[in-house]
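What follows is a short report on a single structure.
We use all heavy atoms of the structure for the numbers below, so side chains are in, but hydrogens, waters and symmetry mates are not. For ligands, and for the atoms within them, numbers begin at 1 and follow the listed sequence.
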Amino acid sequence: MDYQYIIVEKIDGVGLVRFNRPKALNALSPELMEELGDALLAFDADPEVGAIVLTGSERAFAAGADIKAMAKASATDMLLNDLISKWETINHIKKPVIAAVSGYALGGGFELAMACDMITASESAQFGQPEINLGIIPGFGGTQRLTRAVGKALAMEMVLLDRRLSAEEARQFGLVNHVYPVETYLDETLKLAKKLARQAPVAVRLGKEAVDKAFELSLREGLDFERRAFHLLFATADQKEGMAAFIEKRRPNWQGK
Ligand code: DAK
C-alpha cells in the first residue's frame with residue numbers, strides 16, 4: 001500500500017510504521033492518522049505480523065496533533081469531523097504495539113505513545129503535554145493515562161504548566177520500558193518486537209487484553225477476566241505444545257492455534 005505520510009515495512013514478523021512528515025516534526029494531521037489507522041488494521045490482520053512498532057525520526061516521534069489543521073476549527077467541527085475514530089484505532093489493535101520514541105513526544109504524540117502497549121525511548125526523548133500553551137487541554141488520554149502513571153502532583157504540573165519529562169524520568173515512572181542511545185534505539189526496539197513476535201500468539205493476545213483490563217475494571221472483575229482467559233488457553237494447541245516442549249527439553253513450535 002502506498003502512503004503519503006507514513007512509511008510501512010515488514011521485518012521478521014514485525015510491522016514497522018514510521019511517521020513521515022519531517023518538516024512538521026511529524027505533527028499528526030488527520031490524513032496521517034487516517035493512514036496510520038489503515039496500516040495498523042492491515043498489520044493486525046496480517047498473519048505474518050506478530051508485533052507492531054510505531055516510530056518517528058531521531059528529532060521527533062511526533063510534536064502533537066497538527067495545530068494548523070485545528071487552529072480555525074469550531075467545537076462542532078471538532079465533534080463532527082470524526083477525528084476521534086482515526087485516533088481510536090490504536091485502542092482496538094489486538095497485537096502488541098511498541099512506540100519507539102526519540103526527540104519530541106508532545107501533546108497527541110505523547111498520548112499516542114501512551115496508548116501503545118510499551119514505550120521505548122532514545123536518550124533524547126522528551127515527553128510533555130504542552131496543550132495549555134494553546135489554550136486547550138489534552139484530548140486523547142493525557143489527563144488520564146498520564147495521571148495513573150505519574151500521580152496527581154506531577155500530572156497537574158505537566159498539564160497546567162507544561163513540565164516535560166526526560167526519557168530517564170519517564171522510565172522511572174514506569175511509562176517507558178527501556179532507554180537506549182539515540183544511535184541504537186530503533187534497532188533495540190526492533191529486537192524487542194521480534195521477541196514479542198516469536199511468542200505464542202494467542203497467549204500474547206490474551207495477556208495484552210488481561211493487563212489492559214487492570215486499568216478498566218475493578219480488581220474482582222479483572223481477576224475473573226484473567227481466570228477465564230487462563231482457562232481458554234488450555235483449549236489451544238500452543239498450550240499443549242508449550243508444556244510438551246518444556247517436558248521434552250526442546251524449543252516450542254507455536255502454531256497460533
Ligand atoms: N502542528 C503543526 N505544525 C507543527 C507542530 C504541530 N503540533 N509542531 C511543530 N510544527 C511545525 C512548525 O510549525 C514548523 O513549521 P514551519 O513553521 O517551518 O512551517 C516546523 O514544525 C518546525 O517546528 P519549529 O520551528 O517550531 O521547531 P523548534 O525546534 O523551534 O521547536 C517544538 C520544536 C516541538 C518545541 C515546537 O515546534 C512546538 O512547540 N510544537 C508544538 C507542540 C505542541 O503544542 N503540541 C501539542 C499540539 S495539540 C484528540 C487527539 C489528539 C489531540 C487532541 C484531541 N482527539 C482524538 C479528540 C492532540 C492535541 C495536540 O497534540
Is Met114 reachable from Val97 through a run of hydrophobic residues whose side-chain heavy atoms are each under 4.5 Å from the next? yes
How long is the gap from CG on Leu154 to NZ on Lys152, to the nearest 0.5 Å? 13.5 Å
Taking it one step at a time, do Asp117 and Lys208 satisfy salt bridge (Lys or Arg N to Asp or Glu O under 4.0 Å)? CA-CA 8 Å; Asp117 303 304; Lys208 163 171 165 156; 2.8 Å; yes
Under the side chain to side chain contact (heavy atoms under 4.5 Å, CB included) rule, collect the residues that match up with Lys10, sequence neighbours excluded. Phe43, Asp46, Glu48, Val49
What are the atom names and distances for all N or O pairs under 3.5 Å between ligand 1 and the protein?
unit_1   : atom_1 : unit_2 : atom_2 : d
ligand 1 : 1 (N)  : Ile67  : N      : 2.9
ligand 1 : 7 (N)  : Ala63  : O      : 3.1
ligand 1 : 7 (N)  : Ala65  : O      : 3.0
ligand 1 : 13 (O) : Lys68  : NZ     : 3.1
ligand 1 : 15 (O) : Lys68  : NZ     : 3.4
ligand 1 : 19 (O) : Lys68  : NZ     : 3.3
ligand 1 : 21 (O) : Lys23  : O      : 3.3
ligand 1 : 29 (O) : Arg59  : NH2    : 2.8
ligand 1 : 45 (N) : Ala63  : O      : 2.9
ligand 1 : 61 (O) : Ala65  : N      : 2.7
ligand 1 : 61 (O) : Gly108 : N      : 2.7

Is the backbone N or O of Gly141 less than 3.5 Å from a side-chain atom of Gln144, with the two atoms forming a donor-acceptor pair by type? no
Is the ring pair Phe19/Phe61 parallel, tilted or perpendicular, if the boundaries are 30 and 60 degrees? perpendicular
